[in-house]
Amino acid sequence: MTQQNQRVAIIGLGYVGLPLACLVAEKGYTTYGIDTNPAIVDSIDNYKSHIKDASIQLRLDSLKENNKKIIPYSQDRINLSEELQKILKNIDIFIVCVPTPVKEKGEPNLSYIIYAAKKIKEYLKKDQLIIIESTIFPGTCEEVIIPILEESGLNAGIDFHIAHCPERIDPGNKQWTLEKLPRVYSALNETGKQLTREFYSSIIDAPLTELSSIKAAEATKVVENTFRDINIAFVNELAQSFDTLGIDVLEVIKGASTKPFAFMPHYPGCGVGGHCIPVDPYYLIARAKQSGFDHKFMELARNINKYMPHYTIERLKQGLKEANLDISTIKIALLGLAYKGNVDDWRESPAIEIQSLLIKLLDQNGNNSETNFRVYDPLLIKQSFPLDLRTVEEAIKGVAVIVLATDHKMFKEINPSVFKEKGIKLIVDGRNCLDKEKIQALGIVYKGIGR
Ligand code: SAJ
């Protein structure tokens, strides 16, 4: 079948599913976007992105210009509209891009994936291809998803095909866009692999690597992100050690980076946030535990990274002493709530934990956090406090202490002399992104993470 008469349904229209749906529609497939949130569906119907990433809005704009469309449906949690039921009976390819978060203690939360599989099961028919893009632990397809789909009476790999092609979106990255990102994939058998390869070859220009099994593809994604988590934990531990030794960890990382091979720089900070890095390791840890293996090293790395918001508060306390400031009387501004610079996403953001630790510290010391504490994130204005805060100048006016938790471009561009003019006495730079030397030369106490 050619693209034009193939029908693709993408389930989950978030930061993974929406750009994918735009690309699939752009490439000429009849593209349906399904999400449980009616507001998201309405905005897409009007070619408006509910995600602030400008590159996604550009994709929707170009769809509109080329008179192409994602046909969006809100998939009500209870029952589907007659019209949607008819459509789902004629889908050739389902692609699942729903969230796979973790619960309180780090256990994988597969509820969204299970819900999507149960919906697809109701409309399963011969020769359909089901692709899972969500991040899942090795074994999820064979142990969780296929048993649900086969309740339909159809057999995986024979009557329908199931594949895994883990998403690799990097929010805000203008170089590695969806079309350019190399992908790995696998399926239950050769036919499934071929169908998956044909599909992705038709929408992306990047290399496609076929792996021998679905489990290998599931493991690949969690491994690549766990690699990042443990390397960040390594430099976060170094930062704490170097603070006691009086060594600037950034300088040492810069030095080590001059080695042209076998060193890959990562950077310490106030914590590890986002939808991938602090989450994915738990998917492998949990599944391996079921088979009797304990990923001690990975769990230790997770614990080191989870400690970093607390370490940031330790650096604040050290700075207060050095600047001879009284925690019971000072005004503090927290700059940044997003999990990383220049995004408006605060999922698993360490800044959120730092915010609550700061409020607790002020209140414990008789300092009214209602009046003496401000939070400002230019990309999360609604979460800033007080609610009428509109500029960073307003946020830092009259405060003695700044705690920076997100390396937004806007914060990095502040001229250090502004801090002096506003009477800042102490800066805790949770992302090591400000000019330490210039700030110290202005007589302001500077505490970084590892510097
Ligand atoms: N972080 C550090 N030190 C570092 C790098 C990151 O503390 O050296 C922190 C960030 O501040 C953030 C968190 O870790 O809080 C995650 O940062 P990230 O750059 O990994 O950003 P993400 O979560 O958007 O990661 C995405 C991931 N993409 C997918 O999972 C498909 C990840 O695999 C990519 O490596 C990452 O983008 C990237 O390379 O930018």
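Atoms within each ligand, like the ligands themselves, are counted from 1 in listed order. These numbers come from a predicted model, not from an experiment.
Side chains of Q57 and D61: a donor on one and an acceptor on the other come within 3.5 Å. Of the N and O atoms on the side chains of Y339 and R347, not one donor lies less than 3.5 Å from an acceptor on the other residue. Side-chain polar atoms of Y267 and R431 form no donor-acceptor pair below 3.5 angstrom. Side-chain polar atoms of E26 and N66 form a donor-acceptor pair below 3.5 angstrom. Remark: the S55 side chain and the R59 side chain contain no N/O donor-acceptor pair separated by less than 3.5 Å. Judged purely by distance below 3.5 Å, without hydrogens or angles, the side chains of Y311 and D243 pair a donor atom with an acceptor atom. A side-chain donor from one of Y29 and S202 sits under 3.5 Å from a side-chain acceptor of the other.
Remark: ligand 1 atoms within the under-4.0 Å shell around heavy atoms of K340 are 19 (O), 21 (O), 22 (P), 24 (O), 40 (O). If you number the atoms of ligand 1 from 1 as listed, the ones under 4.0 Å from a heavy atom of C276 come out as 29 (C), 30 (O). Set against the non-hydrogen atoms of E167, the atoms of ligand 1 under 4.0 Å away are 31 (C). Heavy-atom proximity to I169, at under 4.0 Å, picks out these atoms of ligand 1: 28 (N), 29 (C), 31 (C). Ligand 1 places these atoms under 4.0 Å from at least one heavy atom of V272: 13 (C), 14 (O), 15 (O). Of all atoms in ligand 1, listed by their number and element, those nearer than 4.0 Å to a heavy atom of N225 are 29 (C), 30 (O), 32 (C), 33 (O).
In this structure, R431 is part of the shell of residues with a heavy atom less than 4.0 angstrom from ligand 1. Taking 4.0 Å as the cut-off, K221 counts as a neighbour of ligand 1 on heavy-atom distance.
Nearest non-hydrogen protein atom to atom 1 (N) of ligand 1 is I232 CD1, 3.6 Å. For atom 12 (C) of ligand 1, the nearest protein heavy atom (residue, atom name, distance) is Y339 O, 3.3 Å. Scanning all protein heavy atoms for the shortest distance to atom 13 (C) of ligand 1 gives G273 O, 3.3 Å. Atom 37 (O) of ligand 1 has its closest protein heavy atom at D170 OD1, 2.6 Å. In terms of protein heavy-atom proximity, atom 20 (O) of ligand 1 is closest to R228 NE, 2.6 Å.
Taking the six-membered ring for Trp and thresholds of 30 and 60 degrees, H266 and F227 have ring planes more than 60 degrees apart, a perpendicular arrangement.
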Report task. Determine, stepwise, if the pair R315 / Q318 fulfils side chain to side chain donor-acceptor pair (under 3.5 Å). Result -> CA-CA 5 Å; R315 294 296 278 163; Q318 292 160 17; 2.6 Å; yes
Query raised in the report: Going through the checks in order, is the side chain to side chain contact (heavy atoms under 4.5 Å, CB included) test met by F137 and L110?
Result: CA-CA 10 Å; F137 57 73; L110 289 176; 3.7 Å; yes
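A salt bridge is defined here as a Lys NZ or Arg NE, NH1 or NH2 lying under 4.0 Å from an Asp or Glu carboxylate O, and E133 with R183 meets this definition.
Backbone and side-chain nitrogen or oxygen atoms of Y267 are examined, and one is located within less than 3.5 angstrom of a nitrogen or oxygen of ligand 1. In terms of polar-atom proximity, D280 is not counted as a contact of ligand 1, lacking any N or O under 3.5 Å from an N or O of the ligand. In terms of polar-atom proximity, defined here as any N/O pair under 3.5 Å, H266 makes no such contact with ligand 1.
Counting heavy atoms closer than 4.0 Å to ligand 1, residue E224 contributes nothing at all.
The nearest non-hydrogen atom to atom 9 (C) of ligand 1, considering only G271, A351, G269, C270, comes from G271.
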